[in-house]
There are 2 protein chains.
Amino acid sequence: MVSTAAFAEIAALAGEPARAAMLQALMEGRALTAGELARAAGVTPQTASGHLARMAGAGLVAVEKQGRHRYHRLASPAVAQMVEGIMQIAATRPAPVRRLVVGPRDEALRRARTCYDHLAGRLGVALADALVAAGHAEIEPEAASLTASGVDLLASLGIDLPSPAAGRRARMLCRPCLDWSERRPHLGGAVGAALCSHCLAQGWIRRIEGSRAVAVTRRGEEALRRHFGIVLT
Amino acid sequence: MVSTAAFAEIAALAGEPARAAMLQALMEGRALTAGELARAAGVTPQTASGHLARMAGAGLVAVEKQGRHRYHRLASPAVAQMVEGIMQIAATRPAPVRRLVVGPRDEALRRARTCYDHLAGRLGVALADALVAAGHAEIEPEAASLTASGVDLLASLGIDLPSPAAGRRARMLCRPCLDWSERRPHLGGAVGAALCSHCLAQGWIRRIEGSRAVAVTRRGEEALRRHFGIVLT
DNA sequence: CTTATGTTTCGGAGAAGACCGTAACACCGG
DNA sequence: CCGGTGTTACGGTCTTCTCCGAAACATAAG
């Protein structure tokens, strides 16, 4: 058995508000400094440092020294998936008191955001829906797959997909990810990551500072409409 | 954002040793009484009762009254997936002190066990490998799929698969699940569950009391060899 | 009705852990 | 070599939460 103690320790690490906030902040996929994470969690740098040391020791975050900064990121996609899993449950909880005022920050997040390394929110779901509608993908809650035409389309856009099994297969299995705000699956995993980084590289979207939200640029709107037929509301 | 508070609350619930033990016990997929869970966690019934009430309130476990017993089970497959995700990380942690003596109980678990609703351990992985080798399935870390021949095979064995999209598609996407003891993917999700329950129903395997381990019966050995070409070491 | 079993509620004791202030330590740029 | 900034270590306070004993409640059986 995965020792209950080890299980509890990992979960307990994620179960403290300050550390939880840091993990969520790291879900934007970038590496952040201890100071940034301290601000994100609303604690002093000393406190954050202690938390980060513990999480690093447990293999939740990886640290990279660079000059006088120490960049922290999630240790692996597996950790991101664990965080996703917890968020999934947390999101299905009945809201204790329905927040009447949903800030603009929330609205931006629901519209488009990153989920570790891929796109989520209405944008992520719209992208997934568009691919399915055009026969480029099959997406179910448990698994997903790019069809041959989907692989071709992405290749024609210059998105280089990882090539498992020498990439000789026309179809390509990929990971679905249940969107917590839309409650519908979107594309995650390596394919989702490739799509997301391509959108960023092409300037179709850009990150909004200090948040996991992303903004769709004017050029992005046009590109998404032309290539995928998406018009984001 | 999924409020950090909600996220932390869920993780904290899973992060207390007694509750963690209960969640792990519930991963065998059956509904257990409060008393059984108390024993599994090594606490008194009063303590367990309190924990279970909190977890039920948070939507982690579902309760069903039956006479003077109250049966508790994981509230949803999503919760099982969250637990799996945490176990994944806990399993990759460097073992603090390598346990030299691995009990027979551990050996049984590594050989064959249930993972919420499907098979895991060497049996689960061998089953997955056999299906892949025979061209009945494609399994990758991120996603998996039964091929047309796989769907036919299972149908011919009398395993009724869930039929998404009216089941008119020959192929069937399904969920891979990384085995924590074997570190390789096996079949989970609805297809894995169908396979597992069929094995149980046919008497090919039987549960070992008080554990997530299962034993392969003599009849099961033969059936697994005949239908899938599996010889479990 | 009475007894036995399973479960929940209540209250207090005890332990664990988060937090910050202060101070020391590393590294960059000049 | 020397400020300035980002980060880590230490010590003490404080809150939080787990845990069990005792007792009440619910249900089934005799």
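A, B, ... follow the sequence lines: proteins, then strands. Residue 1 opens every chain. Everything numeric here is computed off the predicted structure, so don't read it as measured data.
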Closest to side chain of A:Thr33, choosing from C:dA26, C:dC20, D:dT7: D:dT7

Under-4.0 Å side-chain N/O to phosphate OP1/OP2 contact, A:Lys65 with C:dA26: no

A:Arg39 CZ to D:dG6 P, straight-line distance once rounded to whole Å: 8 Å

Nearest-nucleotide pick for A:His69, side chain only, options being C:dT8, D:dG6, D:dC20: D:dG6

Pairwise 5' ranking along DNA chain D for A:Ala53 and B:Ala12, keeping only the more 5' one: A:Ala53

Candidate nucleotides D:dT8, D:dG21, D:dC19, ranked by approach to the side chain of B:Ala18 - the nearest: D:dC19

Side chain of B:Arg68 - closest among C:dT22, C:dC19, C:dG6: C:dG6

Student check: side-chain heavy atoms of B:Leu123 and B:Arg111 closer than 4.5 Å: no

Residue whose closest nucleotide on DNA chain C lies nearer the 5' end, B:Gly50 versus A:Thr44: B:Gly50

Mutual orientation of the aromatic rings belonging to B:His118 and B:His186 [parallel < 30°, tilted 30-60°, perpendicular > 60°]: tilted

Short side-chain N/O contact from A:Arg54 to OP1 or OP2 of C:dG17, under 4.0 Å: no

Spacing between B:Leu32 atom CG and C:dG6 atom C1', to the nearest angstrom: 15 Å

Length of the CG-P vector between B:Leu13 and D:dT16, whole Å: 17 Å

B:Val125 to B:Pro185 - nearest heavy-atom pair and separation: CG2-O, 4.5 Å

Short side-chain N/O contact from B:Ser49 to OP1 or OP2 of C:dT8, under 4.0 Å: yes

Protein-nucleotide distance (B:Leu52, atom CG; C:dT9, atom P), rounded to Å: 12 Å

Nearest-angstrom distance from the residue atom CE of B:Met55 to C1' of D:dT18: 14 Å

Any A:Thr47 side-chain nitrogen or oxygen under 4.0 Å from OP1 or OP2 of C:dA18: no

Nearest-Å distance for atom pair CD/C1', residues B:Glu64 and C:dG6: 17 Å

Least distance between heavy atoms, A:Thr33 atom then A:Glu36 atom: N-OE1, 2.8 Å

Short side-chain N/O contact to C:dT8 OP1/OP2 from B:Arg70, under 4.0 Å: yes

Nearest-nucleotide pick for B:Arg19, side chain only, options being D:dT18, C:dA4, D:dT8: D:dT18

Side-chain-base donor-acceptor pair under 3.5 Å for B:Gln46 and D:dG21: yes

Side chain to side chain donor-acceptor pair (under 3.5 Å) partner of B:Asp179, chosen from B:Arg122, B:Arg184, B:Arg113: B:Arg113

Distance below 4.0 Å between B:His51 side-chain N/O and D:dC19 OP1 or OP2: yes

